[in-house]
Amino acid sequence: LPLTMVLDASSRGRRLMGESSGRTCGRMLTLSARRAAVGANYAMPMTSSRRASIAGLFGVLGIILLATLSPTPVDAGRGAWVDAVLVVLHRVGVPGAFGYRELEMSANVAMFVPLGALLALVLVPGWCWFGYVIVPLLSAGIELGQWLFLSRRDGAVSDIVTNTIGGWIGLSLVIVVLRFRSRKPRR
């Protein structure tokens, strides 16, 4: 299939919706071929689920920025609450070696999972790999901001790593689910 092929509006719409017009010899165009064929201005249709994903992404990002860039740490003055959570975790079988630092690292991972998942839903198919770049850059920017501007907070490389792991888990889960769903035959 030549990438320079010019598609008329009706055949482009059918191909994007999963129907074939016969011009592709029975094969669907890949996203990169679609982009090349219809021009670089390809944009995903703005569906209600896409709008909800974008709103969710901004909501989660706002919560993350509030939690990480507030002048005082989120757990400041909550030592008794943190101790109570650790006691409950130890009672249900979490090893006694699991302490405050491990709880904080787990919270960092958990905080970024929804961000990665929503990022995968918002990015144009074929560009989800860009999320694997965005997440560590965002995390590094947050930690740098803490280190430079917030005297009661400390930016740490370990936080960048755990935040990135969480974001990458969210991205990967959604990418795998979307690929699995796209391969299931439709009835």
Side-chain angles (χ1 to χ4, degrees), residues 16-17 31 35 40-86 88-89 92 94 98 100-182 184:
L16 294 178
M17 296 304 291
L31 179 67
R35 287 180 59 88
N41 293 329
Y42 173 78
M44 285 183 59
M46 190 57 72
T47 63
S48 59
S49 61
R50 184 159 161 77
R51 277 191 218 87
S53 297
I54 291 170
L57 177 65
F58 281 111
V60 166
L61 184 60
I63 291 169
I64 289 172
L65 292 176
L66 282 173
T68 57
L69 295 178
S70 64
T72 57
V74 175
D75 58 350
R78 293 181 178 87
W81 183 83
V82 171
D83 289 339
V85 168
L86 287 171
V88 169
L89 289 173
V92 297
V94 174
F98 187 89
Y100 173 77
R101 182 67 186 144
E102 291 78 17
L103 181 63
E104 181 189 21
M105 291 174 76
S106 300
N108 284 346
V109 170
M111 180 172 56
F112 271 72
V113 169
L115 178 79
L118 289 165
L119 199 55
L121 291 172
V122 167
L123 290 171
V124 174
W127 282 85
C128 285
W129 63 268
F130 194 58
Y132 291 102
V133 175
I134 292 172
V135 171
L137 289 177
L138 174 66
S139 181
I142 288 170
E143 297 302 318
L144 182 63
Q146 287 179 348
W147 185 71
L148 290 174
F149 303 114
L150 302 172
S151 60
R152 295 185 67 197
R153 306 289 296 258
D154 58 335
V157 173
S158 62
D159 288 346
I160 296 171
V161 171
T162 54
N163 295 343
T164 300
I165 289 169
W168 286 356
I169 288 170
L171 271 161
S172 299
L173 286 173
V174 170
I175 290 169
V176 167
V177 167
L178 291 177
R179 287 210 175 129
F180 179 73
R181 278 186 48 199
S182 69
K184 286 178 88 174

Residues that I63 engages under side chain to side chain contact (heavy atoms under 4.5 Å, CB included), provided they are two or more places apart: none
Minimum-distance pair of heavy atoms, taken over all atoms of P136 and G131: CD-O, 4.4 Å
Value rounded to 0.5 Å, distance of CD1 in I142 from CD1 in I64: 6.5 Å
Minimum side-chain heavy-atom gap L121-L178 below 4.5 Å: yes
Value rounded to 0.5 Å, distance of CG in L144 from CG in L137: 11.5 Å
Straight-line distance of I54 CD1 to R50 CZ, nearest 0.5 Å: 4.5 Å
L103 and L89: CA distance, side-chain angles, deciding distance, side chain to side chain contact (heavy atoms under 4.5 Å, CB included) verdict: CA-CA 10 Å; L103 181 63; L89 289 173; 4.1 Å; yes
Sequence-distant partners of R51, side chain to side chain contact (heavy atoms under 4.5 Å, CB included), two or more places apart: M46, S48
Non-neighbouring partners of W81 that pass ring pair (Phe, Tyr, Trp, His ring centres under 6.0 Å), sequence neighbours left out: none
F98, CZ atom: more than 12 neighbouring heavy atoms under 6.0 Å: yes
Distance-only side-chain donor-acceptor flag, S70 / R153, under 3.5 Å: yes
Side chain S139, main chain V135, donor-acceptor under 3.5 Å: no
Nearest-0.5 Å distance that lies between atom CZ in F112 and atom CG in L171: 11.5 Å
Heavy-atom pair with the smallest gap, counting every atom of V74 and A67: CG2-O, 3.2 Å
Check against side chain to side chain contact (heavy atoms under 4.5 Å, CB included), E143 and N163: CA-CA 10 Å; E143 297 302 318; N163 295 343; 3.8 Å; yes
Pair L138-L61, side chain to side chain contact (heavy atoms under 4.5 Å, CB included): steps then yes or no: CA-CA 10 Å; L138 174 66; L61 184 60; 3.7 Å; yes
Side chain W168, main chain Y132, donor-acceptor under 3.5 Å: yes
Pairwise side-chain contact, V174 with L118, heavy-atom cut-off 4.5 Å (strictly under): no
Verdict with reasoning, L69 to Q146, per side chain to side chain contact (heavy atoms under 4.5 Å, CB included): CA-CA 6 Å; L69 295 178; Q146 287 179 348; 4.2 Å; yes
CG on L150 to OG1 on T72, rounded to 0.5 Å: 9.5 Å
Exam field: side chain T162 to backbone D159, donor-acceptor pair closer than 3.5 Å: yes
Nearest heavy-atom neighbours spanning C128 and A120: SG-O, 3.6 Å
Residue pair T164 / I160: nearest heavy atoms and the distance that separates them: OG1-O, 2.7 Å
